[in-house]
Structure formats: C-alpha cells, structure tokens
Protein chains: 2
Amino acid sequence: MRKQRHQTYTCCPLEAALDVMGSKWKATILFRLLDGTRRFNELRRLMPNVTQRMLTIQLRELEADGMIRRKVFPEVPPKVEYSLSELGRTLEPLLRELYQWGQTHIQRRLPGAATEPPSGSNERDARAPSN
Amino acid sequence: MRKQRHQTYTCCPLEAALDVMGSKWKATILFRLLDGTRRFNELRRLMPNVTQRMLTIQLRELEADGMIRRKVFPEVPPKVEYSLSELGRTLEPLLRELYQWGQTHIQRRLPGAATEPPSGSNERDARAPSN
DNA sequence: TCATATAGTATCAAATTATATACTGTGAGG
DNA sequence: CCTCACAGTATATAATTTGATACTATATGA
C-alpha cells in the first residue's frame, strides 16, 4: 500500500519533515487535531473541501508515519477517533509558525476569506520577525 | 503558465505557506540558498537528483512567488544568479526548524545520506525503515 | 419499508508533478 | 572540426496525487 514516500529524502531532513506533513491535506489535518480528538466525520465537516477518500488516505498515512493515533470503537454505527500522537504533538510549534508565516507574509484574502490584515496593510513587504 | 496553485488555500494560511515552499524541491532550493547566491548549475550540482527541467520550473515558481531573485548577466556563456529575496529570507527560521525537526524525529539515515549534521547530532534510535 | 448516520472501499477520471531525452546558441580549448 | 560548459527549452512520457461518484454494513428512527 505504501508508496515509497520515504525513499526520496536521502538528501535532507527537510524533505523528511515535509514528507510527513507537507502534502495538501496533512498539515491541515494535524492543525485541526491540535484542538483535540476528532471523529472522522467531524474532520470532514471541518474540512469540507477534502473528499472522504482523500481524508481516509491522508489519515492512514499520518497514522503509518506515527503522527496520529486512530482509535476504533467496536460499535455500530462505527466510531473512530483520531488524535495526535506524541510525535505529532512535536510538530505543534512548527505548524503554528507555518500558519503564522502564511498569515504574515501571504496576506491574500480571497473573496470569502475574511482575515483582517494585522496593522500596516502592506501586502508585500511585511517583514516583521527575525530580520 | 502558472497553474492555479494559489486558489486552494482559501481555508488556511498553513496551506499558503506550504504552497510556497512545500513541494519536493522548493524547500531544498531555498535551504541551499540560505548559504548565499548560487548559479544555476551550482544548484544542480548541489542537488543531483533534480532534473534540469524541474529545477528550472521550481526556480521560476519561487521567483514568481517572490521568494527568490533571479539575476541574469548578459554574458556568454550565460550566467544567472539566484538568491533569496527579502521574503524568502523570512522563511529562514522556519526552514531551519523544519530541518531540525526532521533530524530529531525522523533520524533515519539512509546509507548514502550525508548532509553535514550541523553540531549536536542527536543519536536517537532510528525506527527501522519499513519499506 | 425507507431514509439516515457512521466510517469507510472501489473504480474511474483528471490534474499535478516528475523524469528522460534531445535540442538551442555561443565562446573557449583542444 | 569536435567537444565542453552554460542556462536553459521542447517534447513525450511516467508516476503520483486528487477528485467524483457510487457502493458496503449495521443500527436506529419514522
């Protein structure tokens, strides 16, 4: 089942990291799980743009990589809870910084997205931190 | 030419960030440029696994996103220098943390992998590569 | 009986990303 | 003349990722 995602990053840990959370939905999933345990359809409702199939796949990969835990309750109707693993937790600061960077530096609010610019609404050269 | 990469991340800045540096080669390119200006073929030699075409494409996208600067010298043979832009610079801490995270948490050193571990190389147990 | 909710699979199609290979034009070196 | 290096293009193909749609089983509720 596993594609050989983990073959490519012979060169650098950077890719190892991105390999684990850099795909289209994984970062978002992990981000959502920062808030706590979620059931499958809860996640689905939180991320309306991801298809069921994609969500399943991404969750399985995250699980296989030890980033999240999947707990199945032998009930009917089925109940499955997803939560961050210890390892997944270690990504928290990184995820938040990534989020922050996106907010600070790529302030392009699309029609529906209402994220008010912090202060000096200068789209391009918002160089606040660490420079 | 531009695909609509920037359409998807209506939902969150996280994806905006990853959109700009989360692809297979971009992070590595940016990482390489942290050291300073590089010429095209220099980058190519630094990243033997990326094809010329891919390198070109990724560099152009990074340029279009304002992450790097491309300086063409009207000489022959041609000379083109790539360097981080101001915006690209702002990713530096993030890139280093990402790198660090990969090192700390995904310590699977494959046979050929030698990317000068900076200093405190944390010799944890590497989970056996299960592929 | 029928629909609903759960957490998925199964298929197929489309889009995206990556690779291989050959080619460009110029100047230098042999 | 032939070849190399430079910084790419062009073309075709392969691999991977994503999406759309339909389907599964079971309990509950109307």
Side-chain angles (χ1 to χ4, degrees), chain A residues 1-11 15 18-29 37-65 68-83, chain B residues 1-11 15 18-29 33 37-65 68-83 131:
Chain A
M1 283 313 123
R2 306 291 312 282
K3 35 190 177 99
Q4 60 281 56
R5 286 181 297 121
H6 297 305
Q7 303 296 56
T8 35
Y9 58 74
T10 324
C11 37
E15 289 180 20
L18 288 172
D19 192 52
V20 133
M21 44 69 82
S23 82
K24 189 169 181 185
W25 304 111
K26 283 180 186 170
T28 309
I29 293 172
T37 294
R38 295 273 180 220
R39 295 180 62 177
F40 184 82
N41 274 2
E42 264 185 298
L43 280 172
R44 214 143 92 81
R45 279 186 289 268
L46 287 169
M47 306 163 57
N49 295 326
V50 65
T51 59
Q52 206 170 22
R53 179 183 134 85
M54 268 301 112
L55 187 52
T56 303
I57 291 174
Q58 302 301 309
L59 284 168
R60 291 296 149 83
E61 286 187 7
L62 284 168
E63 191 196 1
D65 285 336
I68 64 174
R69 258 192 305 260
R70 177 168 178 271
K71 189 172 180 190
V72 183
F73 295 81
E75 305 174 2
V76 68
K79 177 177 172 181
V80 180
E81 281 185 355
Y82 293 94
S83 57
Chain B
M1 279 309 119
R2 304 292 311 283
K3 38 193 171 92
Q4 60 281 58
R5 286 182 297 122
H6 297 305
Q7 304 296 58
T8 35
Y9 57 73
T10 323
C11 39
E15 289 181 19
L18 287 172
D19 191 52
V20 134
M21 45 69 83
S23 81
K24 188 170 183 187
W25 304 112
K26 283 180 186 169
T28 309
I29 293 171
L33 290 180
T37 295
R38 295 273 181 220
R39 295 181 63 176
F40 184 81
N41 274 2
E42 265 185 297
L43 281 173
R44 214 143 92 81
R45 277 186 291 268
L46 287 169
M47 306 163 57
N49 295 325
V50 65
T51 59
Q52 207 171 21
R53 182 180 134 84
M54 266 302 113
L55 186 52
T56 302
I57 291 174
Q58 302 302 309
L59 284 168
R60 292 296 149 84
E61 287 187 4
L62 284 169
E63 191 196 1
D65 285 336
I68 65 175
R69 258 191 305 259
R70 179 169 177 270
K71 188 172 181 188
V72 183
F73 295 80
E75 304 173 3
V76 69
K79 177 177 172 181
V80 179
E81 281 185 355
Y82 292 94
S83 57
N131 274 346

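Source: prediction; values computed, not measured. Letters A, B, ... mirror the listed sequences (proteins, then strands); counts begin at 1.
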Shorter than 3.5 Å, N or O on both sides, protein versus nucleotides 4-12 of chain D: list them out with atom names.
| from | atom 1 | to | atom 2 | distance (Å) |
| --- | --- | --- | --- | --- |
| D/dC6 | OP2 | B/Asn41 | ND2 | 2.9 |
| D/dC6 | O5' | B/Asn41 | ND2 | 3.3 |
| D/dC6 | O3' | B/Arg39 | NH2 | 3.0 |
| D/dC6 | O3' | B/Pro78 | O | 3.0 |
| D/dA7 | OP1 | B/Arg39 | NE | 2.8 |
| D/dA7 | OP1 | B/Arg39 | NH2 | 2.9 |
| D/dA7 | OP1 | B/Val80 | N | 3.3 |
| D/dA7 | OP2 | B/Asn41 | N | 3.1 |
| D/dA7 | N7 | B/Gln52 | NE2 | 3.4 |
| D/dG8 | OP1 | B/Arg60 | NH2 | 2.6 |
| D/dG8 | OP1 | B/Arg70 | NH2 | 2.4 |
| D/dG8 | OP2 | B/Tyr82 | OH | 2.7 |
| D/dG8 | N7 | B/Gln52 | OE1 | 3.0 |
| D/dG8 | N7 | B/Gln52 | NE2 | 2.3 |
| D/dG8 | O6 | B/Gln52 | OE1 | 3.0 |
| D/dT9 | OP1 | B/Arg60 | NH1 | 2.7 |

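- In this structure B/Arg53 satisfies the side chain to side chain contact (heavy atoms under 4.5 Å, CB included) test together with B/Thr51, B/Ile57, sequence neighbours excluded.
- Residues B/Leu18 and A/Ala27 come closest through the heavy atom pair CD1-CB, 3.3 Å.
- For the pair B/Leu18 CG and C/dT17 C1', the interatomic distance rounds to 16 Å; values are reported in whole Å.
- Nearest heavy-atom pair across A/Glu15 and B/Thr28 is OE2-OG1, 2.7 Å.
- Atom CG of A/Leu62 and atom CE of A/Met21 lie 10.0 Å apart (nearest 0.5 Å).
- In this entry the distance linking CG of A/Leu46 with P of C/dA7 reads 13 Å, nearest Å.
- Rounded to a whole Å, the CE atom of B/Met54 is 11 Å from the P atom of C/dA20.
- In this entry the distance linking CG of A/Asn49 with P of D/dG19 reads 8 Å, nearest Å.
- For B/Asp19 and D/dT17, the CG to C1' distance is 15 Å, given to the nearest whole Å.
- Here D/dT28 presents its P atom at 11 Å from CD of A/Glu75, a figure rounded to the nearest Å.
- Rounded to whole angstrom, the span from the CD atom of A/Gln58 across to the P atom of C/dA7 amounts to 18 Å.
- Taking atom CD on A/Glu61 and atom P on D/dT16, their separation rounds to 12 Å, with Å as the unit.
- A/Thr37 approaches A/Glu42 most closely through the heavy-atom pair O-OE1, 4.4 Å.
- If you take CE on A/Met54 and CD1 on A/Ile29, they are separated by 10.0 Å, rounding to the nearest 0.5 Å.
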